[in-house]
Protein chains: 2
Amino acid sequence: MGAGGGNQGRTLDRALDVLECLERARGPLRLSDIARETDLHLATTQRTVNQLVRRGYVQQGRLGYSLGPVVLGLAHGFVVNDRMSTIATPVLTELSATTRLTSSVFVRSGDERILVARVSGADPLRYQFPIGRRVPLDVGGGKVLLAAWPDEEIEDYVRRFPEVALASGRVQGERALMEDIRRVRENGYHLSESERELGALSLSVPVYDADKELAGALNLVTTTDVTSAEELLTWLPELSRGAGAIGARI
Amino acid sequence: MGAGGGNQGRTLDRALDVLECLERARGPLRLSDIARETDLHLATTQRTVNQLVRRGYVQQGRLGYSLGPVVLGLAHGFVVNDRMSTIATPVLTELSATTRLTSSVFVRSGDERILVARVSGADPLRYQFPIGRRVPLDVGGGKVLLAAWPDEEIEDYVRRFPEVALASGRVQGERALMEDIRRVRENGYHLSESERELGALSLSVPVYDADKELAGALNLVTTTDVTSAEELLTWLPELSRGAGAIGARI
DNA sequence: GCACCAGCTATCATTGAGTGATAGTTTATC
DNA sequence: GATAAACTATCACTCAATGATAGCTGGTGC
């Protein structure tokens with residue numbers, strides 16, 4: 001929202017605020033809802049929204065406004081071109097074939113991570129269209145992304161997000177997060193249990209490109225009623241090999 | 001490009017031009033490439049692109065700029081909320097299960113149609129991530145969308161796109177298109193052979209919502225070496241039933 | 001090492017596009 | 001048929017976008 005203090009590039013920022021407001025919405029929004037949510041004047045909202053409608057980025061229905069099909073066009077453009085997407089997909093396919101588990105790749109985007117590719121395993125998780133989902137960095141596999149940052153940036157992040165409620169019910173504070181990060185740095189992977197989703201089990205490793213720069217993370221996901229944590233951990237070599245294969249080609 | 005004559009809402013229009021320019025690009029673009037392509041001043045391009053980078057809609061790599069992962073977030077928001085997407089998916093699943101063919105749904109967006117949902121059949125077509133792909137209206141299944149328009153609008157369309165080269169090599173002019181449209185109106189479906197893709201065979205029907213408004217189109221796709229046109233046509237009742245099921249719930 | 005070029009960034013005066021207040025119109029609701 | 005909600009249209013003001021120009025940075029060839 002309200003892209004910060006600076007007052008430059010206002011028009012575009014506001015339009016993107018509107019789009020992301022609709023992205024978060026669980027259903028159609030009225031003009032006044034968007035105005036309130038984005039903290040814009042109704043007239044400004046109207047002009048912006050109408051323009052987005054004209055371009056197909058927003059569509060108007062009986063109950064309000066929602067995102068339009070043109071945003072799918074952008075996503076298509078991304079998936080077809082992006083190196084991470086195109087390189088990761090065959091690796092995920094192979095990984096899921098050998099492990100029979102769901103595998104996915106996500107990348108950092110600001111203070112979140114975004115799932116950019118996923119291949120389902122033998123017992124498909126019933127997530128509806130997971131690709132593009134935005135997830136926090138301090139939960140589950142996101143920690144392998146955090147762990148790669150310089151300490152200073154991590155502290156900055158923690159200051160902004162001091163704690164988070166996990167799916168297990170536990171509230172994760174700074175100490176717990178830092179401890180997990182320490183372990184990720186030590187072991188090179190993160191094993192998460194019921195952090196983001198109750199009963200979910202995931203094993204994640206970072207993906208580094210040829211210049212040793214963090215490019216994203218790769219993980220295997222399953223559920224506790226199908227696989228045990230120990231069993232999942234046996235796939236670590238396969239997973240690391242996959243991360244290496246992706247990183248080498250980026 | 002350059003969203004038309006009017007000179008209002010310039011900033012946003014230009015930013016969207018930049019995004020769509022990157023969507024069409026087959027690889028990373030330099031700042032100057034984007035400026036040339038979108039017909040913007042380099043300084044303006046720079047400001048716009050940097051802003052989009054800040055927001056994650058564009059990413060900068062060694063070889064230039066490309067779309068960023070945040071556009072996937074928008075797509076996710078669309079797919080999760082959009083009635084057509086959510087309602088169509090289970091119908092497509094069922095349709096593909098019974099026919100063993102690939103089924104898909106697309107909707108109109110301006111002078112194009114956009115694939116919003118697809119479920120693969122027994123012989124998956126090797127399209128890479130088809131969802132979100134923009135396709136012309138006057139080729140293949142798009143004709144069932146055109147056929148539902150008032151004559152006046154069709155004439156308008158034909159004036160702008162007088163002819164199109166089909167995959168078969170044939171050039172489709174106004175007469176051929178109008179004849180196809182006439183037949184679609186008469187029969188309620190369109191059977192296309194090697195129009196968009198050589199060897200591709202598709203059977204498409206319109207989807208009307210409860211208010212008898214055109215909401216999109218549903219089709220079955222296969223290839224000539226797997227299925228014959230006659231065989232494909234036998235699935236017309238199933239297809240129509242699917243279209244009815246989707247339309248009723250929208 | 002130096003000159004050169006491409007790609008990107010920063011600065012700044014000008015101006016016209018975006019802004020927001022208000023009034024008007026359409027559409028739904030009781 | 002009155003009332004409200006949702007959206008649209010109008011318009012003067014002003015501040016943010018604009019585009020020309022100059023500056024910076026990193027790579028390449030000689």
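Lettering follows sequence order; numbering is per chain, from 1. From a predicted model like this one, the values you see are computed outputs, not experimental measurements.
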* Structure fact -> Separation of C:dT26 atom P from A:Leu31 atom CG, nearest Å, is 18 Å
* Can you tell me if the side-chain N/O atoms of A:Arg47 get under 4.0 Å from OP1 or OP2 in C:dT19? -> yes
* **Rounded distance (Å) that lies between atom P of D:dA16 and atom CG of A:Asp13** => 13 Å
* Atom CD of B:Gln51 to atom P of D:dA17: distance rounded to whole Å? -> 7 Å
* To do: Could you check which of D:dT8, C:dC8, D:dA6 has an atom nearest any side-chain atom of A:Gln46?
  => D:dT8
* Taking the side chain of A:Gln8 as heavy atoms from C-beta outward, which of D:dG19, D:dC7, D:dA17 is closest to it? -> D:dA17
* Heavy-atom pair of closest approach, residues A:Phe161 and A:Asp111 -> CE1-OD2, 3.6 Å
* To do: Apply side-chain hydrogen bond (donor to acceptor under 3.5 Å, both in side chains) to the pair A:Asn81 and B:Ser66, showing each step before the final yes or no.
  => CA-CA 8 Å; A:Asn81 279 315; B:Ser66 53; over 6 Å; no
* Does any donor atom in the side chain of B:Asp17 or B:Thr38 lie under 3.5 Å from an acceptor atom in the other side chain? -> no
* Structure fact -> When B:Thr11 and A:Tyr65 are each assigned the nearest nucleotide of DNA chain D, the 5'-most assignment goes to A:Tyr65
* Answer yes or no: does a side-chain N or O of B:Arg14 lie under 4.0 Å from OP1 or OP2 of D:dG19? => yes
* For the pair made of CZ in A:Arg62 and P in C:dT27, what is the distance, rounded to whole Å? -> 12 Å
* Heavy-atom distance under 4.5 Å between the side chains of A:Val205 and A:Asn219, does that happen here? -> no
* Asked: When the distance from CZ of B:Arg36 to C1' of C:dA6 is rounded to whole Å, what number comes out?
  -> 14 Å
* To do: Give the rounded distance in Å between these two atoms: CG of B:Leu63 and C1' of D:dG27.
  => 14 Å
* Asked: Could you give the NE2-to-C1' distance, from A:His41 to D:dT10, as a whole number of Å?
  -> 13 Å
* Structure fact -> To the nearest angstrom, the CZ-C1' distance between B:Arg54 and C:dT9 comes to 12 Å
* To do: Ignoring backbone atoms, test whether A:Asn50 places a side-chain nitrogen or oxygen under 4.0 Å from the OP1 or OP2 oxygen of D:dT8.
  => yes
* Asked: Considering heavy-atom distances to DNA chain D, does A:Gly64 or A:Arg10 have its closest nucleotide positioned more toward the 5' end?
  -> A:Gly64
